[in-house]
Amino acid sequence: MNLRRSLQGLFLAFFFLLFFTAPTSISLFLPPELFLRADPLAAVVVVLMASSVAWVFLPAAVLILSGLLMGRAFCGYVCPLGTILDVGARLARSSRSEPLWITRRPALPLGLLGLVLLCALLGFSLLAWFDPLVLLTRSTALLLQPWLMEAGSALLELVRPWASKKEWFWLSDAGLQVPRFWLSALSLLWMGAIVAFSLWRARLWCRAFCPLGSLLGLLGRFSFLARSVSDSCLDCGACQKACPVGAIGQDPRQTSRARCLLCARCKEACPVEAIGFVPPMRSPSSASRENSPRLSRRGLLAVGAVGLMAGLTVRVDAGRASPRDRLIRPPGAVPEALFLDRCLRCGLCMSVCMSHTIQPSLWEAGLDGIWTPRLDLRLAPCEKHCNRCGLVCPTGAIRPLSMEERTHAKIGTAILLKERCLVWEQDKTCLVCDEICPYDAIEFKEVEGKRRPFVTESRCNGCGYCEHKCPVQGQSAIVVTRMGEIRLEKGSFLEEAHRRGFIFEGSREQAPPALVPQPLEGDLPPGLLRP
Amino acid sequence: MEHSKGFHRRGFLASMGAMAGVTALASWLPLRWARADGISRLAVAKGEAASATRLVLEALGGIDAFVKKGDVVILKPNASFPNPPSWGCNTSPEVVATVAKLCLEAGAKRVTVVDNTLGNPDLCFSRSGLKDALSSLAQVRLLAPKQESMYKEVQILKGVALRKTKIFKEVMEADKFINLPTAKSHSATGVSLGIKGLMGLVWDRNTFHRDMDLDQAIADLATVLKPTLTILDATRGLLTAGPGGPGKVEHWNTIVAGTDPVAVDAYGVTLGQWYGQTVRPEQVKHLVAAKSHGLGTLELERVQILERGA
């Protein structure tokens, strides 16, 4: 086990440790979103789109510095996706050669980086599709975590009878909540394609596409450490064969710093110890050995055209101009336009959500809203006593709120669909929405001699417990819409809620006495017979 | 020792034996006869939650009359809502902890406190105070059975509306089952006491509301879920806005217990003004249906009531 692999293993473990401890009360001193906040590509994109949150990307300074000093060393030693692709390539015995169409287009990653940045300028975040750390975080949230939980649940079911016989109740009573996500198939297709591609040819994603790697390579053109080859080189070709990313040209003295991961496998392979990694000025070989790609004029035009079309298409997408009525954002989400600018689509909020009501969007928020968090309240409610999503959001797209503030971050209002309601339509004694409502927003009133449920808008927080628990099959008879949602970039949700006349204090003991329900005049509560 | 006329050792022993026999008979026969001649026995104690719970059990002959050494005991409190005890929608943690402790003192092998909570189990157990109250009792297990495999389908032969349902498996297998409801109003069934609380041991409650007459279904369920003992926590009464609250809460400082689940509930009904109205037990539909199933007595004048405490 050499130093590089040990570091790769450590950082991968660290990435998963941060991820999987995020929803628990195990408090680490480091934020679970650390990797994302250290991501310079995410930093540049988000700052281009919403400059106000630049400070959250302070950790990215470390990576920028590392890029300036050591080029793409991050990709070779730290990047958790890179490590996974390395392990995959080893297991699959992937070839290190690359197809000609890639060799012929060395500027491809540069073009992709240009596209991501141009689209960001036009207000369209492509991080969801191309940033390796966003991709890996989201895939872990939407795929790996559910898979693990599903497997764990199956295992628990297997041991449950035995554990219960043994009276090991800590085991027999254990249950894992398996999160279920919309778009799992799409998430799998995209991530699966990237992984499959890199199993076919080792690290193909990293060398031919990754815009973050490309950005680090760009910084690395001025890097302090670079591969250098001394005159004792025999031109044997061993280093070219050993390089996992094809960074060494026809002339073994040539290195593409846009690709070199500083992994030093070439140095290990060299029979005459001609290779070193040293500051360029001390390099025995001349600076002309640098072999970095440039974007041709034609390439530049292509990037400009594609970027312009993509960016403009998103701007003229009606989905963005008129989001669906049922698009409920997590509590504390900033106003929609800003939200789309800030959101990385990393899926951390979905992963930590206590009830897993936070789901990836498909078209509900427009073309560029894919994978942004939306609440599926029929699937699960938004817990009143939970503020996890805002605490893990790397960019403040969902604001970190105190519990009291969170209680006042109204996400929508329930609407009762009378024609589906068991009480209104079928005269059944159902009270489930009233029973479960944590904010006590359902009131029964007398209508033509019968008790009928109503939503009190001023108390409804939009949590969706009613929509989730409504026993009507299929479409719920009570649904939460965006009406009345509170979205604030800054300032207090509590004050805003009070200004608008909402009352969300949990306890009637604190609420004005007028709100304590009085018995209806001459009304007989349900479940009771006339005396 | 002076021997009086007609007093012989043999006779003495015989009479002592007879007395012991009669005493023993007397201590368990009322429980047997209760159903036969329509006389149920209830104990009612006043006072602070833990002490009233102890008093009420003493009145019924102590916990030993119900829980034997080595018994596996299930306790079923109301714990469905992530709300503080002051709201009166969950059973007081002191009552649950006291009963659990007594069961252990009586030699119970294991005590399982269980409710299929409506809300998130962790939040319900922590915010109701139940988790803290039970944390010091090592042999007590607190469980919200959220895995379908923890339930088994039960046919309800006497069921009128409910013919079968999935019930928490262990309660069917346990030696003793003690129901620990709280006294509260309910916007579908009027009141929610012991018999209504049995729904917390069922896997799918939605079908009760959607597919059948709710009151009848609750009574049907009670024909297969028969508690050894029902201890009603009426330290607080939630008189409006039940079952979840917050509503009007009155402090009654009362615990009611008995082996007749209908009688306990009937007594509970008389404790307060539900929704501002005086309600008679025979007005509660699901209790009337339970009585029709022969599950107990609804007429409190035919119930022997043992009162204890201040």
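The sequence lines fix the lettering, A, B, ..., with proteins before strands; numbering per chain opens at 1. Not measured: the values here are computed from a predicted model.
- Of the atoms belonging to B/Asp215, it is side-chain heavy atoms, and not backbone ones, that fall under 4.5 Å from chain A.
- Of the residues considered (B/Gly119, B/Gly242, B/Ser187, B/Ser80), B/Ser187 shows the highest number of contacts with chain A, using heavy-atom pairs under 4.5 Å.
- Looking at B/Arg141, only its side chain comes within 4.5 Å of chain A, counting heavy atoms on both sides.
- Ranked by heavy-atom pairs shorter than 4.5 Å toward chain A, the options B/Pro84, B/Gly190, B/Gly244 are led by B/Gly190.
- With rounding to the nearest 0.5 angstrom, the NZ atom of A/Lys384 is 6.5 Å from the CG atom of B/Asn83.
- Contacts of A/Leu528 with chain B are made by both backbone and side-chain atoms, with heavy-atom separations under 4.5 Å.
- Looking at B/Leu123, the atoms closer than 4.5 Å to chain A (heavy atoms on both sides) all sit in the side chain, from C-beta outward.
- Closest non-hydrogen pair, A/Glu157 versus B/Ser149, comes out as OE1-OG, 2.6 Å.
- At most 12 heavy atoms of other shown residues, nucleotides or ligands fall within 6.0 angstrom of atom CD in A/Glu448.
- By the 4.5 Å heavy-atom criterion applied to side chains, B/Pro243 and A/Leu431 are counted as neighbours.
- With rounding to the nearest 0.5 Å, the separation of SG in A/Cys430 from CG in B/Asn206 is 8.0 Å.
- Taking non-hydrogen atoms and a 4.5 Å limit, the residue list of residues 159-177 of chain B in contact with chain A is empty.
- Between A/Asp440 and B/Pro246 the shortest side-chain heavy-atom distance falls below 4.5 Å.
- Using a 4.5 Å heavy-atom cut-off against chain A, the contacting residues of residues 109-117 of chain B are B/Lys109, B/Arg110.
- The stretch residues 262-272 of chain B places none of its residues near chain A, where near means some heavy atom under 4.5 Å from a heavy atom of that chain.
- In this structure, chain B has heavy atoms under 4.5 Å from both the backbone and the side chain of A/Glu435.
- A 4.5 Å side-chain heavy-atom check between A/Lys428 and B/Arg210 finds every atom pair outside the cut-off.
- Counting all heavy atoms, side chain and backbone alike, A/Pro471 lies closest to B/His209 at CG-CB, 4.3 Å.
- For the atom pair CD (A/Gln473) and CG (B/Asp211), the distance works out to 6.0 Å, reported to the nearest 0.5 Å.
- Residue-level contacts of residues 158-167 of chain A with chain B, in order of numbering, are A/Arg160, A/Glu167; threshold 4.5 Å between heavy atoms.
- Both the backbone and the side chain of A/Asp173 come within less than 4.5 Å of a heavy atom in chain B.
- With a threshold of 4.5 angstrom between heavy atoms, B/Phe81 approaches chain A through side-chain atoms but not through N, CA, C or O.
- Using a 4.5 Å cut-off between heavy atoms, A/Leu176 contacts chain B through its backbone alone, with no side-chain atom that close.
- Residue B/Val284 touches chain A through both its backbone and its side chain, counting heavy-atom pairs closer than 4.5 Å.
- The distance from atom CD of B/Glu282 to atom CG of A/Leu529, rounded to the nearest 0.5 Å, is 9.5 Å.
- With chain A as partner, the option from B/Arg205, B/His286, B/His186 having the largest number of non-hydrogen pairs under 4.5 angstrom is B/His186.
- Heavy-atom contacts from other residues, nucleotides or ligands closer than 6.0 Å to CD of A/Glu404 number 12 or fewer.
- Note: B/Leu142 CG to A/Phe169 CZ = 13.5 Å, rounded to the nearest 0.5 Å.
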